[in-house]
Amino acid sequence: MSNAERLSHKVLIPEIRIKNRIKELSQQINYDYQDKELVIVCVLKGSFIFFADLIRELEVPLSCEFLGLSSYGGKMETSGEVKVTLDITEPLKGKNVLIVEDIVDSGLTLQYMLNMLRARQPGSLRVCALLHKPDAMKVKLDIDYLGFKIGNEFVVGYGVDYQERLRCLPYIGIVEKEH
Ligand code: PRP
């Protein structure tokens with residue numbers, strides 16, 4: 001049995017709260033981008049479930065792009081070194097770009113991504129994140145659309161993994177202990 005299978009967790013944010021918050025976030029995004037076109041970027045792997053639920057609430061014309069970034073490599077703390085595992089295919093120059101992240105923890109992934117995408121000269125560049133750990137931030141960054149602020153706990157589920165496991169939980173869970 002692997003460590004992930006032995007990991008116990010409890011519910012931190014239930015499915016219904018995520019669903020309701022996504023409705024609120026999408027209303028704000030629909031309002032802010034009315035009469036505009038959007039390139040919406042799913043940051044793999046962690047944001048694929050949040051992304052899929054969010055875009056189905058959006059009414060603005062959009063194209064979907066996928067950007068693979070990784071820095072945890074199965075560990076509970078960031079290595080600090082961000083690796084690009086998959087790049088966006090569409091040119092971003094002059095476009096309205098919205099990054100969709102599952103979680104902003106240390107902020108190092110987001111900082112790397114903002115620098116990478118700003119260099120492609122988008123017309124606008126904003127960030128939507130489901131979860132944010134303000135106390136863990138190592139850099140100062142703004143999140144334009146935020147689902148929930150959480151404490152410094154290790155969370156799993158709704159796309160977020162521990163050693164590639166538990167992404168498929170329909171809620172956000174908080175890891176309690178290994179036993
Ligand atoms: C997670 C998460 C974010 C990043 C946030 O990705 O999806 O992209 O960490 O952490 P940070 O703010 O400390 O940089 P991870 O590297 O675990 O890859 P994954 O999404 O493929 O699981």
Side-chain angles (χ1 to χ4, degrees), residues 2-9 11-13 15 17-18 21-22 25 29 39-55 64-89 92 97-120 122 125-176 178:
S2 74
N3 285 341
E5 286 166 319
R6 289 199 298 267
L7 208 65
S8 68
H9 64 275
V11 177
L12 179 67
I13 307 174
E15 209 174 343
R17 278 190 68 206
I18 298 173
R21 188 71 186 117
I22 287 175
L25 291 174
I29 294 168
V39 178
I40 188 158
V41 179
C42 175
V43 184
L44 298 173
K45 299 177 187 174
S47 75
F48 72 108
I49 294 178
F50 176 44
F51 182 84
D53 286 346
L54 181 73
I55 61 170
C64 298
E65 285 289 333
F66 298 87
L67 177 61
L69 296 176
S70 178
S71 64
Y72 280 74
K75 304 235 166 51
M76 281 177 133
E77 281 192 27
T78 179
S79 66
E81 185 194 345
V82 182
K83 287 186 188 144
V84 179
T85 56
L86 178 74
D87 201 354
I88 290 168
T89 53
L92 299 181
V97 178
L98 179 62
I99 293 167
V100 177
E101 260 288 27
D102 53 328
I103 183 164
V104 179
D105 192 322
S106 69
L108 295 175
T109 303
L110 181 56
Q111 182 183 52
Y112 182 94
M113 191 166 17
L114 287 169
N115 289 337
M116 177 179 164
L117 299 187
R118 273 189 197 121
R120 300 179 191 187
L125 182 60
R126 289 187 184 163
V127 179
C128 176
L130 182 66
L131 305 170
H132 174 38
K133 291 184 184 175
D135 295 340
M137 286 290 272
K138 294 185 175 166
V139 284
K140 192 178 169 344
L141 298 168
D142 293 325
I143 299 170
D144 302 281
Y145 306 98
L146 175 63
F148 303 95
K149 283 183 189 172
I150 60 172
N152 234 342
E153 307 92 354
F154 194 84
V155 290
V156 289
Y158 201 70
V160 183
D161 75 311
Y162 175 63
Q163 295 185 345
E164 294 302 328
R165 301 297 180 95
L166 303 175
R167 290 194 198 274
C168 53
L169 296 175
Y171 50 82
I172 296 292
I174 181 167
V175 172
E176 291 183 302
E178 287 179 63

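Both ligands and their constituent atoms are indexed starting at 1 by order of listing. In this chain, residues are counted from 1 in sequence order.
- Counting non-hydrogen atoms of neighbouring residues, nucleotides and ligands closer than 6.0 angstrom, the CG atom of N152 exceeds 12 such neighbours.
- Under 4.0 Å from ligand 1, not a single heavy atom of V82 appears.
- Remark: ligand 1 atoms within the under-4.0 Å shell around heavy atoms of S71 are 16 (O).
- For atom 12 (O) of ligand 1, the choice among G46, G107, G159 with the nearest heavy atom turns out to be G107.
- Counting all heavy atoms, side chain and backbone alike, P122 lies closest to L117 at CD-O, 3.2 Å.
- In this structure, the separation between CG on D144 and CG on L25 is 11.5 Å, given to the nearest 0.5 Å.
- Residue-level proximity to ligand 1 for K83 is absent, since no heavy atom of it falls below 4.0 angstrom.
- For T109, heavy-atom contacts with ligand 1 shorter than 4.0 Å involve the backbone as well as the side chain.
- A salt bridge links D87 with R120; the closest basic N to acidic carboxylate O contact falls under 4.0 Å.
- Near E101, meaning under 4.0 Å from any of its heavy atoms, are these atoms of ligand 1: 3 (C), 7 (O), 8 (O).
- Residue contact check for ligand 1: L69 places a non-hydrogen atom closer than 4.0 Å to it.
- Numbered from 1 in the order shown, with element, the atoms of ligand 1 that lie under 4.0 Å from a heavy atom of L108 read 12 (O), 14 (O).
- Near S106, meaning under 4.0 Å from one of its heavy atoms, ligand 1 places the atoms 11 (P), 12 (O), 13 (O), 14 (O).
- Looking at E153, its side chain never comes within 3.5 Å of a backbone N or O of V175 through a donor-acceptor pair.
- The aromatic rings of Y158 and F50 are tilted relative to each other, their planes meeting at an angle between 30° and 60°.
- Per-residue contacts place D161 under 4.0 angstrom from the following atoms of ligand 1 (heavy atoms of the residue considered): 22 (O).
- The contact set between ligand 1 and K45, taken as ligand atoms under 4.0 Å from a residue heavy atom, comprises 19 (P), 20 (O), 21 (O).
- Side chain of S8 to main chain of E176: no donor-acceptor pair is present (N/O by atom type, distance under 3.5 Å, no hydrogens or angles).
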Could you check V139 against L108 for side chain to side chain contact (heavy atoms under 4.5 Å, CB included), going step by step and ending with a plain yes or no? CA-CA 7 Å; V139 284; L108 295 175; 4.3 Å; yes
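- Under a 4.0 Å heavy-atom criterion, R167 is in contact with ligand 1.
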